[in-house]
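As structure tokens, the structure follows; a few thoughts come after it.
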Amino acid sequence: MNAHSAPGASRWPTDRPLRLLVVLHNLDIGGSQRNSVDLAAGVRDMGHEVVIAGPPGVLEDVIRERGVPFQAVEELVPDNIAPTARAAYKRVRDLARRVRPDLIHAYELTPALLAFLGPHRLDDVPMTMTINSMSVPDFMPGTVPLQVCGPLIAMETRERSGPIGVLEIPTDTVGQYPDYPGAAAFRAELGIAPDEIAVVVVSRFARALKQEGLETAIRAAGRIAPYHRIRLVMVGDGPAMPELRALADATNARAGREVVLLPGLRVDPRPAYAAADIALGMGGSILRAMAFGKPCIVQGERGYFQILDRESARLFRWRGFYGIGDGGTGEDVLVRELHTLLSDEVRRKENAAFALELVRRHYSLEHALRVQMEWYQKALAAHVRPGRAEVTRTIASVGAWFAARAAGRVKPDTFNSSERIAPGIAAPVPDWFDPDIDTDTGSIDIANAKTLKMRAVRRA
């Protein structure tokens, strides 16, 4: 039983702060990981008691700098949990019994399943889970309150008995801002002249989701180089680095100058964002660029690239800062979008101002923290101890999926695959979707949205 409340209690006592245990799936550099740390630290800064747990990684230093207690769970091996699952299950259960949280917030599949089967099932500790993948597996327990990072993902998620909410990926608009110091030093370090236009990408160099678009960016920069004083700066590292490095070297050799720069990983990439004249990326990376007041091109898969402006903002608010193209590399598309911005300084300034306005209104950490605290209240009010049938179904479904994965019938990155999410991405934005681009609103009401969707279907 939860040490602070009776089974099924709906909220923490009002005479003391919330005690929150946040369990992360990964502490490597990445958008969703950093955002989860920022949110947890923000809740702590509001006066609540927060403990972060997760596998060792470079973000440990960030957590300690923010002064949030951290518990390493070595058994939570990123991307390869199967051999250590039993030990990780015991560690998460024992950690919850030591921390005695009012609520567990688990990020992504493995921590959510371990918390569900451990402290939630055994000790009746309320929990909520956040899945920031492009889709939510059907085997995730249906009674646990679930947050996803976009309204399209929420609408595509199977019907569930527990609540589902949207917390769009936030970014720090206080520590990231226009005229952030360090831009000149970053440009000087890389030899970028003041009159050169720096197109900056900050990304994990992953093979899934990322590599295709990054290679296209290099080829597009090579094509544009004879006509514009452009430097493509790709900040990051990862498995795709060897291929990207080889392509960049070949592109620079053909151009006869250093058009593409790969300076490597920066734990603090803010000077790189600040140094950009144009930003290219997806998801959390593009939101950070928006916070620095940069004109942006959104990258997706299958040749998708699109300028962010007032006209395209409704689309991106619906499906996230990502897209799926019609196929091919999209090199011609990116060359066109880059040429549009490179040739029009006025449009760059207008798009930059709009991007800054949009991110501050809807994607700031302050806005996200308000939504998050409202969600914690809702999760506590909706808490129910899982029944035997749900536990049995979850274990069987997860076991079947891992067996299929081991047999090669499903890919490890299934839930981030473009094949799975393509139908929803390709569909037009529903007429009933009103993202309130120009007003500051709270979280998107998915329950109401689904009602509106059913009405629209019936009218059709």
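These numbers come from the heavy atoms of this one structure, side chains and all, not from hydrogens, waters or symmetry mates. Every value quoted in this text rests on a predicted model; they were computed, and no experiment measured them.
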Does the salt bridge (Lys or Arg N to Asp or Glu O under 4.0 Å) test come out yes or no for Asp123 and Arg93, once each step is laid out? CA-CA 9 Å; Asp123 299 328; Arg93 183 196 64 196; over 6 Å; no

Less than 4.5 Å apart, any side-chain heavy atom of [X] and any of [Y]?
X      : Y      : value
Leu39  : Tyr107 : yes
Glu108 : Asn132 : yes
Leu24  : Leu76  : no
Glu215 : Leu244 : yes
Leu114 : Val23  : no
Glu60  : Leu27  : yes
Phe305 : Thr216 : yes
Arg98  : Asp94  : yes

Within the side chain of [X], is there an N or O that forms a donor-acceptor pair under 3.5 Å with the backbone of [Y]?
X      : Y      : result
Glu390 : Gly142 : yes
Asn26  : Asp28  : yes
Arg361 : His367 : no
Arg64  : Phe70  : no
Arg385 : Arg121 : yes
Gln372 : Ala368 : no
Thr143 : Pro386 : no
Arg44  : Arg66  : yes
Arg160 : Pro141 : yes
Arg207 : Pro239 : yes

Taking the inter-plane angle between the rings of Phe316 and Phe321 on a 0 to 90° scale, is it parallel (under 30°), tilted (30 to 60°) or perpendicular (over 60°)?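 If you compare the ring of Phe316 with that of Phe321, the planes turn out parallel.
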
So how far is it from [X] [atom1] to [Y] [atom2], rounded to the nearest 0.5 Å?
X      : Y      : atom1 : atom2 : answer
Leu20  : Glu49  : CG    : CD    : 10.5 Å
Leu262 : Asp237 : CG    : CG    : 9.0 Å
Arg319 : Glu156 : CZ    : CD    : 12.5 Å
Ile164 : Thr157 : CD1   : OG1   : 4.0 Å
Tyr363 : Ile286 : OH    : CD1   : 12.5 Å
Leu214 : Leu247 : CG    : CG    : 10.5 Å

His383 vs His120, test: side chain to side chain contact (heavy atoms under 4.5 Å, CB included). Steps then yes/no. CA-CA 10 Å; His383 167 62; His120 186 60; 3.5 Å; yes

Would you call [X] and [Y] a salt bridge, taking side-chain N to carboxylate O under 4.0 Å as the test?
X      : Y      : result
Arg34  : Asp38  : yes
Asp102 : Arg16  : yes
Glu75  : Lys90  : no
Glu168 : Arg317 : yes

Where do [X] and [Y] come nearest, in terms of heavy atoms and distance?
X      : Y      : result
Ile104 : Ala96  : CD1-CB, 4.2 Å
Ile307 : Ser312 : O-OG, 3.0 Å
His48  : Leu18  : ND1-N, 3.0 Å
Tyr376 : Leu103 : CD2-CD2, 3.4 Å
Leu280 : Ala217 : CD2-CB, 3.7 Å
Val235 : Gly264 : CG1-O, 3.4 Å

Check ring-ring contact (aromatic ring centres under 6.0 Å, His included) between Phe292 and all other residues, then give those that pass, not counting sequence neighbours.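 Checked Phe292 against ring-ring contact (aromatic ring centres under 6.0 Å, His included); matches are Tyr180, Tyr273.
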
Side chain to side chain contact (heavy atoms under 4.5 Å, CB included) between Phe116 and Met140: does it pass, once the steps are laid out? CA-CA 9 Å; Phe116 171 77; Met140 298 306 290; over 6 Å; no

Over 12 foreign heavy atoms within 6.0 Å of CG, Asp268: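 Atom CG in Asp268 is packed in, count exceeds 12.
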
Within residues 131-174 or reaching into it, pairs that qualify as ring pair (Phe, Tyr, Trp, His ring centres under 6.0 Å) - sequence neighbours excluded: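 Pairs touching residues 131-174 that pass the test: Phe139-Trp401, Phe139-Phe415.
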
Give the intermediate values and the outcome of side chain to side chain contact (heavy atoms under 4.5 Å, CB included) for residues Val68 and Val51. CA-CA 6 Å; Val68 181; Val51 174; over 6 Å; no

Residue list, side-chain contact (heavy atoms from CB on, under 4.5 Å) with Thr173, at least two apart or on another chain: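 Expected list: Thr171, Ala291, Val359, Arg360, Ser364, Glu366.
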
Evaluation steps, side chain to side chain contact (heavy atoms under 4.5 Å, CB included), between Met373 and Val43: CA-CA 8 Å; Met373 292 308 301; Val43 172; 4.0 Å; yes

